[in-house]
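What follows is a short report on a single structure.
We use all heavy atoms of the structure for the numbers below, so side chains are in, but hydrogens, waters and symmetry mates are not. Numbering of residues begins at 1 and proceeds along the displayed sequence. Note that this is a predicted model, so its numbers are computed, not measured.
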Amino acid sequence: MDRIDRGSRVIEAPPAIVYKALLDRESLETWLPPEGMRGRIERWDPRPGGGFRMILTYLDASAAPGKSSDATDVADVGFTDLVPSERVVQTAVFEAEDPAFAGTMTMTWQLTAAGDGTEVTVTAADVPFGIGRADHEAGIASSLANLASFVEAR
């Protein structure tokens, strides 16, 4: 698994505000699920070596079967690097019986000041081959749009 998927967006909020939204449980539950899904976090430990368990539920499971069940994707996410206002690095392991979704994916959220806002670049490395590139990059773009709406409204 050496595939890398990416997404980027300029958000009209300073890096400190964006960083806070990346490390706040209620915020993540609101903006992280891509369009067509809702999210719930079961455990939360926002520190290097900590992490969270995210349950993403498809609003219409008939359109996109889940990795963990017919209607859900469940991921155990670890925080490996946290640099305030600059970077969040996570590892994600999907709960799935299908080996196409096995392995550890690394998600890097890089924050770069861009005028009065922040360019957020998401890099997903070692993406399991069962996750289609186009769908994954569309999901990343959707989450970035949600993040923008979430922090820009504050």
Does any part of the side chain of [Y], heavy atoms only, come nearer than 4.5 Å to the side chain of [X], both counted from C-beta?
{"X": "Thr112", "Y": "Thr121", "result": "no"}
{"X": "Leu22", "Y": "Val120", "result": "no"}
{"X": "Met54", "Y": "Pro33", "result": "yes"}
{"X": "Thr123", "Y": "Ile4", "result": "yes"}
{"X": "Pro46", "Y": "Phe79", "result": "yes"}
{"X": "Val93", "Y": "Thr91", "result": "no"}
{"X": "Trp109", "Y": "Tyr19", "result": "no"}
{"X": "Met37", "Y": "Asp73", "result": "yes"}

Under the side-chain contact (heavy atoms from CB on, under 4.5 Å) rule, collect the residues that match up with Glu35, sequence neighbours excluded. Ser142
To the nearest 0.5 Å, how far apart are [atom1] in [X] and [atom2] in [Y]?
{"X": "Glu29", "Y": "Leu56", "atom1": "CD", "atom2": "CG", "result": "10.5 Å"}
{"X": "Thr30", "Y": "Arg38", "atom1": "OG1", "atom2": "CZ", "result": "13.5 Å"}
{"X": "Glu26", "Y": "Leu28", "atom1": "CD", "atom2": "CG", "result": "9.5 Å"}

Looking at every heavy atom in both [X] and [Y], which two are closest together, and how far apart are they?
{"X": "Leu144", "Y": "Gly7", "result": "CD1-C, 3.7 Å"}
{"X": "Ser85", "Y": "Ala16", "result": "OG-CA, 3.3 Å"}
{"X": "Leu23", "Y": "Trp44", "result": "O-CZ2, 3.1 Å"}
{"X": "Asp5", "Y": "Glu137", "result": "CA-OE2, 3.4 Å"}
{"X": "Pro48", "Y": "Thr80", "result": "CB-O, 4.5 Å"}
{"X": "Ala21", "Y": "Trp31", "result": "O-NE1, 3.0 Å"}

Under a 3.5 Å distance rule, please check whether [X] uses its side chain to pair with a backbone N or O of [Y] as donor and acceptor.
{"X": "Glu12", "Y": "Glu152", "value": "no"}
{"X": "Gln90", "Y": "Thr108", "value": "no"}
{"X": "Arg25", "Y": "Ile41", "value": "yes"}

Taking only residues at least two apart or on different chains, which pairs with a member in residues 105-121 satisfy salt bridge (charged side-chain N to carboxylate O under 4.0 Å, His left out)? none
Got a sec, which pairs hit salt bridge (charged side-chain N to carboxylate O under 4.0 Å, His left out) with one end in residues 41-53, sequence neighbours left out? Arg40-Glu42, Glu42-Arg53, Arg43-Asp76, Asp45-Arg47, Arg53-Asp76, Arg53-Glu95
Going hydrophobic residue to hydrophobic residue with side-chain gaps under 4.5 angstrom, can you get from Val89 over to Ile140? no
Single-linkage hydrophobic cluster, 4.5 Å side-chain cutoff, Val18 and Val77 together: yes
